[in-house]
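Inspection log for the structure reproduced underneath, given as structure tokens.
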Amino acid sequence: MTPNKTKQPSTPKMNPFMGFFWGILIVLLLNGLIFPNIAQRQIKDTDYGTFIEKVDSGVVKEVAIKSGQILFTAEENNKTQAYRTGATNDPQLVDRLLNAESPNENHKIAFNQIVPQENSPLLNFILWWVLPGLLFYLLWRQAGKSLGRLGAGGNFMSFGNSGAKIYAESDIKTTFADVAGQDEAKETLKEIVDFLHNPAKYTEIGASLPKGALLVGPPGTGKTLIARAVAGEAKVPFFAISGSEFVQMFVGMGAAKVRDLFKQANEKAPCIIFIDEIDAIGKRRDAAMGNDEREQTLNQLLTEMDGFDGRKGVVILASTNRPESLDKALLRPGRFDRRVQMELPDLEGRKAILAVHLKKVKHENIDMDIVARATAGSSGAELANIVNEAALRAVRLGRKTVTTADLEESVETVLAGAQKKNAVLSAAEKKLVAYHEIGHALVAALQTHSAPVHKITIIPRTSGALGYTMQVDSGEHFLLSKEELFNRIVTLTGGRSAEEVVCDTVTTGASNDIEQATKLARAMVTRYGMNEKYDMMGLETVNNAYLGGDSSLTCSSETASDIDKEVLKVIKTAHEKAKRIIADHMDIVHQAATFLIEKETITGNEFMDIVRHYETCPPAGSADRRRGTS
């Protein structure tokens, strides 16, 4: 049997700063002990004449002469009082003190002259050299820490430290199984993993590992996730750092961080370096760059990428949303050899991503196809958020599992905001919103090459929408024809057209429709070559395509003015078509709007039942009523 061992308490270590404090306190106490009999009393200042009078009157008990001062005590009213006066050149002073009369014959004045004592050389060394040096060191260290918090990359003692987060191979649990919807990117990166596992297979034929791979794509597509997955699959250390951490307040510190990062990586090879948002330091160099620190950091990064041996197994992964802004020297072969596209997932990719995230929540009977089709254009991060919102909704409703209804509602919450339960529309506003949304739905339903209507609602949302019509495509589309784009514009003008034809008014509810219709019509004219006048002439370029895209015209001001006329022509044609469709189907509009006002939310199937009923069995006299108003 092993005896129990009692853990002995560890001896507390003395803080060096507390020792310094106690040393200063002891010196002050020793200084205060110079006058052991007087220091504790309150001393009054007086003149030399009063001192002589008190000596002659016999009330003075003791006298001490030191450094041009006379300190004495006198007995007055049965109390002892301490005095201080200035010393003068009085040769009779000693005789006065020896021969002073006193009421008490046994009383003698005790006096002495204190000779100033000089400190020892050791004490002088401590007071004049050691203590000021220690104080200066403490101030210097504290200033370094303060600058480090301001962005100087740590205190002065750690100048040039890369600051990268280093994960050991055992700390990374992410694998390619956790990355869904990016099959092409995984295939590209699997070769890097295989090289790190079996380098001999490649080196014996003379092949070397690609030095760098640039991950490019919109936000939320999993660039950081797949970089961690590469390290997790390869079972190698992982250095993670953001590009903004290299940009420092002092010139040269960013370059020092780059040197330190590559030095550590070479020591731990094989390993992976991941630089997130590399465009922070990798922007194109030009005359207007105006930042010496960023340029020096980029130059150092280029030099380090050229200097290390690819056969050691050091791989650099970097991510960016703005590849067009990167310096050409950074993208040439030999530095970032591969460009891995991380695009928004397609239909099957969205299903796979939803399946990955649904493993983390309890669910039942989820229709993946409906949810995946309703989330067209969503990134992996947005899909993860949708699953989480569905789980939160299930908890709010008191259920323990997530259903398809939860996911559908969470899609609407993410895209249009949560329902505004306290918003109460007046009867007139509710009627206008209902006709507006039915106008969108009817125009979409009666056109070819248009996505089917999935849901219509007039429940206000926190995004500001008083209602919306959701269309869900039955499949994935990679190319859009001129007819499809034009029909989308017609559908966008359907809401305003219903207000005009049915209610004989216009409202501000069409502001977002107008914005989207104008954007589509302008793209048809300037970018897609879908205009007879300008044929296939490119009139506009798009920058930052992965960050929403901001366009700029590449034509003269006269042409720009003429482009506006062509865009207006497209929109007016679409608007007229939408008004004709609504005017020719007034029975459907009235019936569907009445049903929507009553239910507030109707499905696409319910709406299409009304459309089919009136299309197959039009009521008598409907041709006349179709042109009426409510």
Steps toward side chain to side chain contact (heavy atoms under 4.5 Å, CB included) verdict (Tyr546, Val216): CA-CA 9 Å; Tyr546 293 127; Val216 176; 3.2 Å; yes

Main-chain N/O of Gly232 paired to Thr174 side chain as donor or acceptor, under 3.5 Å: no

Distance, nearest 0.5 Å, that separates OG of Ser378 from CD1 of Ile353: 9.5 Å

Residue pair Arg461 / Glu412, side-chain heavy-atom distance below 4.5 Å: yes

Validation row: Lys223, Asn321 side chains within 4.5 angstrom (heavy atoms): yes

Full working for side chain to side chain contact (heavy atoms under 4.5 Å, CB included) between Val411 and Thr413: CA-CA 5 Å; Val411 170; Thr413 300; over 6 Å; no

Counterpart residues, salt bridge (Lys or Arg N to Asp or Glu O under 4.0 Å), relative to Glu75 (two or more places apart): Lys61

For the student: nearest non-hydrogen atoms of Ser244 and Ala280, plus distance: N-CB, 3.7 Å

Presence of salt bridge, Lys173 and Asp178, under 4.0 angstrom: no

Test item: Asp337 side-chain N/O and Gly334 main-chain N/O as donor-acceptor pair under 3.5 Å: yes

Atom pair CZ (Phe262) and CG (Leu301), whose distance is rounded to the nearest 0.5 Å: 5.0 Å

His357 (side chain) donor-acceptor with Leu383 (main chain) under 3.5 angstrom: no

Spacing of Thr297 atom OG1 and Leu302 atom CG [to the nearest 0.5 Å]: 11.0 Å

Beyond-backbone contact of Thr375 with Ile386, side-chain heavy atoms, under 4.5 angstrom: yes

Side-chain touch Ile316/Phe274, heavy atoms, less than 4.5 angstrom: no

Side-chain donor or acceptor of Thr221 paired with backbone N/O of Gly217 under 3.5 Å: no

Exercise: identify the closest heavy-atom pair between Gly377 and Leu344: O-CD1, 3.6 Å

Full working for side chain to side chain contact (heavy atoms under 4.5 Å, CB included) between Gln69 and Arg84: CA-CA 7 Å; Gln69 289 185 343; Arg84 175 173 53 202; 3.7 Å; yes

Phe176 and Val193, any side-chain heavy atoms less than 4.5 Å apart: yes

Among Arg285, Arg335, Arg284, salt bridge (charged side-chain N to carboxylate O under 4.0 Å, His left out) partner for Asp327: Arg285

Short side-chain to backbone donor-acceptor contact, Thr462 and Ala418, under 3.5 Å: yes

Under 3.5 Å side-chain donor-acceptor pair for Lys360 and Asn388: no

Where Ala180 and Val356 come nearest, the two heavy atoms and their spacing: CB-CG2, 3.7 Å

Min side-chain heavy-atom separation Leu215-Thr224 under 4.5 Å: no

Atom pair OG (Ser242) and CD1 (Ile275), whose distance is rounded to the nearest 0.5 Å: 9.5 Å

Within-4.5 Å side-chain heavy-atom neighbours: Leu214 and Ile278: yes

Minimal non-hydrogen separation, Leu189 against Ala213, with atom names: CD2-CB, 4.4 Å

Spatial distance of atom CD1 (Ile281) from atom CD (Gln296) [nearest 0.5 Å]: 13.0 Å

Taking every non-hydrogen atom, the tightest pair across Ala265 and Cys271: O-SG, 3.3 Å

Exercise: do Gln300 and Arg259 side chains pair donor with acceptor under 3.5 Å: yes

Nearest non-hydrogen partners of Leu330 and Gly282, listed with the distance: CD2-CA, 4.1 Å

Donor-acceptor side-chain pairing of Gln264 and Asp260 below 3.5 angstrom: yes

Validation row: Lys362, Val402 side chains within 4.5 angstrom (heavy atoms): no

Set of salt bridge (Lys or Arg N to Asp or Glu O under 4.0 Å) partners for Asp279, sequence neighbours left out: Arg322

From CA spacing to verdict: side chain to side chain contact (heavy atoms under 4.5 Å, CB included), Val63, Leu71: CA-CA 6 Å; Val63 177; Leu71 303 174; over 6 Å; no

CD1-CZ distance between Ile272 and Phe239, expressed to the nearest 0.5 angstrom: 11.0 Å

